[in-house]
Protein chains: 2
Amino acid sequence: MRIAPASGECGAAACSSVPDTVLDVRTDNQPAERPDGVRRRATIHDVARLAGVSRQTVSRAVNDKGEIDPGTKERVLEAARLLDYRPSRFARGLVQKGAVTAGLVIPDLRNPFFPEVAAGVLEAAEARGWQVVVWDSRIDEAREREALDVLSHQADAVMGYFKDPDDVLTRHLGGVPLVLLERGPQQTGFAAVGIDAGAGVEQGMNHLFRAGHRRIGMLDGVHGPGSRRQAFLDQARRLGLAVDEDWVVTCPEHSVAGGEAAMERLLARRPEVTAVFGFNDLIAIGAMRTARRRGRSVPDGLAVIGFDGLSLGELVEPALTTLHIDKRQLGRLAVEQVARLRAGEEPLRGADAWVTPELVLRGSA
Amino acid sequence: MRIAPASGECGAAACSSVPDTVLDVRTDNQPAERPDGVRRRATIHDVARLAGVSRQTVSRAVNDKGEIDPGTKERVLEAARLLDYRPSRFARGLVQKGAVTAGLVIPDLRNPFFPEVAAGVLEAAEARGWQVVVWDSRIDEAREREALDVLSHQADAVMGYFKDPDDVLTRHLGGVPLVLLERGPQQTGFAAVGIDAGAGVEQGMNHLFRAGHRRIGMLDGVHGPGSRRQAFLDQARRLGLAVDEDWVVTCPEHSVAGGEAAMERLLARRPEVTAVFGFNDLIAIGAMRTARRRGRSVPDGLAVIGFDGLSLGELVEPALTTLHIDKRQLGRLAVEQVARLRAGEEPLRGADAWVTPELVLRGSA
DNA sequence: TTGTAAGCGTTATCAT
DNA sequence: ATGATAACGCTTACAA
């Protein structure tokens, strides 16, 4: 199977058996199709041989460079098609610098919060011409580490949510820059972007307080230390509420079902509660559902306030009052942090690396 | 700055200036830190030179291979740390085959349907040891093509939602295997996975019919031809309903807001409508909202049925009756199709490549 | 217009 | 235990 130029047009370079002998300088040159029928992927060399040109000419044709005869180009492309040739991204990357791949590790793609963050990351990455390899760790620390092990080999930087402490992360990182999402500023030596939980909780609690609530509970998520739970307790104290750890129920599953179950427990423990603060919107919605099932109307029988600002909160009844977070911005910030790290600049620290929640009043509180 | 072995232990290979002259066989060997302060990324060669060993030994140390003296290894790793050395994934990929990267192009990460599909893709890809580069095309055909242009260079296969016809896709694909999501089986020559729209619409319509509805409208999305709209009209005819194109409103935006607007139009055009069929759950929820705002209770004043089976549908009031799709399975199937393509096998065709919706009765119809 | 030569950074193989 | 050498598949620079 060989492609000849149109008959009669036999230029010196393309003609006779010269290319087959001259161009083939390899020692062990396996044919593209081996006897056993297993196909080695075609290389530029195979295409060159079939088309009767040099590798360089193939490169010119495939990459649409100028300085090539249209006829030759057609012939080369036909040969490439025949062999199902595709350039190796590795070989290309080796010689053309600049392709940047970032890793993104997300705990749970089914929590609407994270796709929004991811959307921000993808958007910002696209603007920079980067690609993003996404991992869903499905809230499993082992999978988080596995993600790191792989991405540290295949990505130029990693962003994501991780529960492991710094030293463990470092061990799985192999020197690849890491930007943590969501952890507070004091808890890590890595660059990070996060949410100003304190400011959010304060706004939410003040709102409830002004509405007359004094017996406020919290459905906390599972989280690093120093997070929303502490902010809640601090603000309760500042407001002079008789509220302590006993008013906080931990909700291991950050979902509506998790919120429903946690609310059951809180109601059992503190039936006098008049308002609850949810770790996130899903949990808060779960709380609303349990409250109503228990014969408490929302917001009159129980006020509920969420944290996240999912659009989902507008659809439930009553609509969820929440601390809205700009999730896309969070993702964009993470990409900016990565860019800084790569440029050897200092990452943003403190408030510049946070997103501040904003209270959105809807029906539930 | 050089790392010497512990004093006195100067083996021949690691000692004196020998390495610096013998090992450095390059002609233009730039130092890792250039005079202008711009850092070229350190290579294995730089580490070897600094540690006074061969490149091979560096490789052994970095990759945790055996056959290396613990002391040497420590010295090499220290040098690597000093130079912030990370192996080039390109050079590695060139020499170690096997790393598979797939591309996934999603139209809208904020529609909860797609993160679920993506989760299925990621899960199945992880099981095969593949990585997935995700693109959010944000419902923009130009961005779809851009995604293809990039991924055709950087990925070994692509899955995704595309609006362009086959020939356009081919042009941007450069021979990379493609698996289309969501298109019907007849509409493309590419391998595809999809949803059995006909079966879904039939179930939904029959349910409405049995509940006594005869004046049924549809809020269609924008889609390839031969999709849910046609299935709707066909089934309406089969059921003997006096329903035609005039009862179908197109909803360009696949969102709650889009559904709200479309429902307004349908009510204006066909106020006698007693039930509506939504292209997806978001649109259906929008329809419910408009209906109630217009004084129609759901399901008595207007029955509403969705298509997707988002968990979101359980949270609205009344809960949404819908045709549930196994979205994760859809994603897994797409990965399986890619695997077949890569293995040179025939992709699944027909019903094996579809997911069949299942009617889930909740409150809205 | 086309071909030749020299890397790109890594690992595998085989010596030592 | 360590090193020399040869790939891996491609592109850029230069020569013809």
Side-chain angles (χ1 to χ4, degrees), chain A residues 5 9 11-15 18-19 22-23 25-30 32 40-49 51-73 75-76 80 85-99 153, chain B residues 5 11-15 18-19 22-30 32 40-49 51-73 75-76 80 85-99 153:
Chain A
E9 305 187 344
C15 193
V18 172
V22 167
L23 292 175
V25 286
R26 296 189 189 179
T27 54
D28 71 339
N29 189 31
Q30 235 177 26
R40 173 176 62 71
R41 195 166 140 183
T43 73
I44 199 173
H45 187 262
D46 301 315
V47 178
R49 208 171 17 158
V53 298
S54 73
R55 305 204 295 270
Q56 174 52 20
T57 299
V58 174
S59 177
R60 279 190 275 252
V62 167
N63 296 316
D64 230 2
K65 294 266 166 78
E67 309 196 331
I68 182 172
D69 181 276
T72 311
K73 177 169 172 182
R75 200 152 40 89
V76 169
Y85 166 72
R86 266 163 299 136
S88 149
R89 66 172 184 281
F90 296 116
R92 233 186 204 157
L94 198 53
V95 76
Q96 304 174 321
K97 316 297 181 187
H153 284 337
Chain B
C15 194
V18 173
V22 167
L23 291 175
D24 191 355
V25 287
R26 295 187 188 182
T27 53
D28 70 339
N29 189 32
Q30 235 177 25
R40 173 175 62 70
R41 194 167 140 183
T43 73
I44 198 172
H45 187 261
D46 301 316
V47 179
R49 208 171 14 159
V53 299
S54 71
R55 304 204 295 273
Q56 179 52 18
T57 299
V58 175
S59 177
R60 279 190 274 252
V62 168
N63 297 312
D64 229 1
K65 294 266 167 79
E67 309 197 332
I68 183 173
D69 182 276
T72 311
K73 178 168 169 182
R75 201 153 37 89
V76 170
Y85 165 72
R86 267 164 299 137
S88 149
R89 68 173 182 279
F90 296 116
R92 234 183 203 163
L94 196 54
V95 76
Q96 302 176 322
K97 313 299 181 186
H153 284 337

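The shown structure was predicted, so the numbers you read here are calculated from the model rather than taken from an experiment.
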- Note on the structure: Of C:dC8, C:dT2, D:dC10, the nucleotide closest to the side chain of A:Thr43 is D:dC10
- Note on the structure: Applying side chain to side chain contact (heavy atoms under 4.5 Å, CB included) to A:Ala80 and not counting sequence neighbours gives A:Val47, A:Tyr85
- Task: Choose from C:dT10, D:dT12, C:dT2 the nucleotide whose nearest atom is closest to any side-chain atom of A:Lys65.
- Result: D:dT12
- Message: Any donor-acceptor pair, under 3.5 Å, between the side chain of B:Gln56 and the base of C:dA12, if you only look at N and O atoms?
- Response: yes
- Query: Base, sugar-phosphate, or nothing for A:Lys73, non-hydrogen atoms under 4.0 angstrom?
  - Reply: nothing
- Message: Tell me the interatomic distance from B:Arg89, atom CZ, to C:dT11, atom P, rounded to whole angstroms.
- Response: 15 Å
- Item | Nearest-neighbour nucleotide for the B:Val53 side chain, C:dC8, D:dG3, D:dT12 considered | D:dG3
- Item | Set of residues satisfying side chain to side chain contact (heavy atoms under 4.5 Å, CB included) with respect to A:Arg89, sequence neighbours excluded | B:Thr101, B:Gln154, B:Asp156
- May I ask you to say what B:Arg86 touches in the nucleic acid, namely base, sugar-phosphate or nothing, with a heavy-atom cut-off under 4.0 Å? sugar-phosphate
- Message: Given D:dG9, C:dT10, D:dC10, identify the nucleotide with an atom nearest to the side chain of B:Pro87.
- Response: C:dT10
- Message: In this structure, how many angstroms lie between the C1' atom of C:dA5 and the CD1 atom of A:Ile44, rounded?
- Response: 15 Å
- Testing D:dT11, D:dA6, D:dG9 for proximity to the side chain of A:Arg55, the answer is D:dT11
- Message: Between the opening five pairs and the closing five pairs of the helix from C:dT1-D:dA16 to C:dT16-D:dA1, how far apart are the helix axes, to 10°?
- Response: 30°
- Closest listed nucleotide, where the reference is the side chain of A:Ser54 and the choices are C:dT2, C:dG3, C:dG9: C:dG3
- Residue list, salt bridge (Lys or Arg N to Asp or Glu O under 4.0 Å) with B:Arg60, at least two apart or on another chain: none
Give me, pair by pair, the N or O atoms of the protein and of nucleotides 14-16 of chain C that are less than 3.5 Å apart, along with how far apart they are.
none

Identify every side-chain donor-acceptor pair in residues 90-99 of chain A under 3.5 Å, counting partners at least two apart or on other chains, and give the distances.
{"unit_1": "A:Arg92", "atom_1": "NH1", "unit_2": "B:His153", "atom_2": "ND1", "d": "3.4"}
{"unit_1": "A:Arg92", "atom_1": "NH2", "unit_2": "A:Asn63", "atom_2": "OD1", "d": "2.3"}
{"unit_1": "A:Lys97", "atom_1": "NZ", "unit_2": "A:Leu94", "atom_2": "O", "d": "2.9"}

- Message: Taking the minimum atom-to-atom distance to the side chain of A:Arg92, which one of C:dT10, D:dA1, D:dT11 wins?
- Response: D:dT11
- Between CZ of B:Arg41 and P of C:dT10 the distance, given in whole Å, is 8 Å
